[in-house]
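The next block holds one structure in the form of structure tokens; read it before the comments.
Quick note on labels: first sequence line is chain A, next is B, and so on, each numbered from 1.
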There are 2 protein chains.
Amino acid sequence: MLQINYMIKSNDQETEARILDAARSVFLRRGTAGARMAEIAEEAGVNQALLHYYFRSKAGLAEAVFQRAARDLFPPVLRTLASDAPLEEKVREVVVLELDTLRDNPFLPGYVLAEMNHHPERVGQFVASLTGVSLETVGPRVFDRLGAQIEEAVEAGEMRPIPPEQFVINLLSLCIFPFAARPMLMAVTGMDDAGFRAMIERRKAELPEFFLRGLRP
Amino acid sequence: MLQINYMIKSNDQETEARILDAARSVFLRRGTAGARMAEIAEEAGVNQALLHYYFRSKAGLAEAVFQRAARDLFPPVLRTLASDAPLEEKVREVVVLELDTLRDNPFLPGYVLAEMNHHPERVGQFVASLTGVSLETVGPRVFDRLGAQIEEAVEAGEMRPIPPEQFVINLLSLCIFPFAARPMLMAVTGMDDAGFRAMIERRKAELPEFFLRGLRP
DNA sequence: GTCTATATTGTGATAGAC
DNA sequence: GTCTATCACAATATAGAC
């Protein structure tokens, strides 16, 4: 009796998490506009009315899911890039970090990129939330630190000059795009899931060198 | 009178094109699931019923728009890559081709990537339509030709070995991703539209060298 | 907190006049 | 070919019992 009572009471928290997980799964696969509350409820194993009890509206759920997804995709990389580690080490670290994350969440890039394009207003809001401060602080912080390191390396004759923005864009492009274009790549090359994973593993090993060679004088 | 009569008669063709253009514009911005037939009709300057007269259903319109968009995004590049031009020339050509296309259609990548993720079944269909033949012919044709050229260059000591798939993935990543991630890039860096275009122009000049250096021994 | 039943709107699609 | 008016249903959201 006590046991049962305890379990019921604890459900409120656990249920909310289950709903959020189900919502994430459905939103990532179908996109926000294509997602159906009924499907989320079913996947969470609860009634549809409960979704509204916890998140008020579909928009509320969508907001929560997008914030979480964007946090999974970008901040770890940006934090790494803003650190004090040597440049080459940063590159290797970002590649492994990003490729491992996306191997486990292959729908993440497609979803986040699509949402950003469909709801540009959410992007500023998200960027602001990264530091809790205003929009203008995140970018500069990463790019200033990176720019200084690049300048150092250039003066030491180890590297060509490159704007830090282009540095970041190139690196993220090479990591993220293959996942966003996964269905097309699989269709064109005839890869299956295992083949795709193998291709990604290979990238993990060779991408850092490819990227760094491209920057050398 | 004759004039008016002529214009009315010619409208059927012109109207269908106007609708398709409007549909493209709305679908690209909102995604298929998020697009509204009413908005398309308004943007085309016609009544909503006309959309059904010409395209039967929303799915019909969506199909037409996706085919056209995917054709704009991929085939020119694949054709270039499968040509007989020297490898380095191909790279320069692809970069200019792709960056110019996307400068004029910044929503294209986000839309196509999203649709592919949400409707993987359409991808095979599209790939098949590229040659009119079966799915297995397009990929190999590009990759075989490219693989041979790479092998040549490797034996001449001009290049490191790299699987042709990775070659293509890297090249497309560097061209396409910045547009797919445009809203995020603009928010993080504080760029406006002009700044983004300037950034792309800079890439057009520097991307080929960066890419090719990354492949040299 | 969780459910069933129901209200309310949004949205794709059709009928039929012009 | 093009419009207005309307239908039919899908999908979000709420009321209220348990």
Side-chain angles (χ1 to χ4, degrees), chain A residues 1-66 115 118-119 122, chain B residues 1-66 115 118-119 122:
Chain A
M1 234 356 168
L2 237 170
Q3 173 69 8
I4 286 169
N5 199 26
Y6 169 76
M7 284 180 67
I8 288 173
K9 278 189 180 171
S10 80
N11 254 4
D12 51 350
Q13 224 201 35
E14 192 201 293
T15 302
E16 180 167 352
R18 261 217 325 284
I19 291 175
L20 194 60
D21 284 345
R24 179 186 153 100
S25 160
V26 173
F27 277 118
L28 288 225
R29 270 182 289 116
R30 308 224 185 275
T32 300
R36 295 291 161 252
M37 298 294 272
E39 189 178 358
I40 296 173
E42 190 191 14
E43 193 158 324
V46 299
N47 188 277
Q48 199 172 334
L50 262 201
L51 309 194
H52 292 92
Y53 174 78
Y54 282 107
F55 295 92
R56 208 183 63 86
S57 67
K58 181 182 177 182
L61 250 184
E63 182 61 27
V65 169
F66 176 75
E115 287 307 304
H118 300 334
H119 303 286
R122 277 198 190 148
Chain B
M1 231 4 169
L2 236 169
Q3 172 71 9
I4 286 169
N5 198 26
Y6 169 76
M7 285 181 66
I8 288 174
K9 278 190 178 170
S10 79
N11 253 4
D12 51 350
Q13 223 200 36
E14 192 201 292
T15 303
E16 180 168 351
R18 262 218 325 285
I19 291 175
L20 195 59
D21 284 344
R24 179 188 154 99
S25 160
V26 173
F27 276 119
L28 289 225
R29 269 183 289 116
R30 307 223 187 274
T32 300
R36 294 292 160 253
M37 297 295 272
E39 189 178 359
I40 296 173
E42 189 191 16
E43 192 158 323
V46 301
N47 187 276
Q48 197 173 336
L50 263 202
L51 310 194
H52 291 93
Y53 174 78
Y54 282 107
F55 294 92
R56 209 182 62 87
S57 66
K58 182 182 177 182
L61 252 184
E63 181 62 25
V65 169
F66 176 74
E115 287 308 305
H118 300 334
H119 303 286
R122 277 200 190 146

[atom1] of [X] to [atom2] of [Y]: how many Å apart, nearest 0.5 Å?
X        : Y        : atom1 : atom2 : answer
B/Leu28  : A/His118 : CG    : NE2   : 9.5 Å
B/His119 : B/Glu63  : NE2   : CD    : 10.0 Å
A/Gln48  : A/Ile19  : CD    : CD1   : 11.0 Å
A/Leu20  : A/Phe55  : CG    : CZ    : 4.5 Å
B/His52  : B/Leu61  : NE2   : CG    : 8.5 Å

Whole angstroms only, please: what is the [atom1]-[atom2] distance between [X] and [N]?
X       : N      : atom1 : atom2 : value
B/Arg30 : C/dT11 : CZ    : P     : 11 Å
B/Leu51 : C/dA13 : CG    : C1'   : 11 Å
A/Met37 : D/dT12 : CE    : C1'   : 7 Å
A/Phe55 : D/dT12 : CZ    : P     : 15 Å
B/Lys58 : D/dA11 : NZ    : P     : 11 Å

Open item on the list: Among residues 38-50 of chain A, which ones have heavy-atom contacts with DNA chain C below 4.0 Å?
Closed with: A/Val46, A/Asn47, A/Ala49, A/Leu50
- [ ] Identify whether any heavy atom of B/Ala59 sits under 4.0 Å from a base atom; if not, whether one sits that close to sugar-phosphate; answer base, sugar-phosphate or nothing.
- [x] nothing
- [ ] Let me know which of A/Arg18, A/Arg29, A/Arg24 forms a salt bridge (Lys or Arg N to Asp or Glu O under 4.0 Å) with A/Glu43.
- [x] A/Arg29
So, is [X] near the phosphate of [N], with a side-chain N or O under 4.0 Å from OP1 or OP2?
X       : N      : value
B/Tyr54 : D/dT2  : yes
A/Arg56 : D/dA13 : no
A/Thr15 : C/dG1  : no
A/His52 : D/dA13 : yes

Open item on the list: Take a 6.0 Å sphere around CZ of B/Arg122 and say whether it holds more than 12 heavy atoms from other residues, nucleotides or ligands.
Closed with: yes
Task: Bend angle of the helix from C/dG1-D/dC18 to C/dC18-D/dG1, from helix axes over five pairs at each end, nearest 10° - done: 0°
TODO: Check whether any side-chain heavy atom of B/Leu51 lies under 4.5 Å from a side-chain heavy atom of B/Val46, and answer yes or no.
DONE: yes
TODO: Starting from the C-alpha separation in whole Å, work towards a yes-or-no answer on side chain to side chain contact (heavy atoms under 4.5 Å, CB included) for A/Phe27 and A/Ile40.
DONE: CA-CA 9 Å; A/Phe27 277 118; A/Ile40 296 173; 3.9 Å; yes
Open item on the list: Counting only side-chain heavy atoms from C-beta out, which of D/dT2, D/dT12, C/dA13 sits nearest to A/Arg36?
Closed with: D/dT12
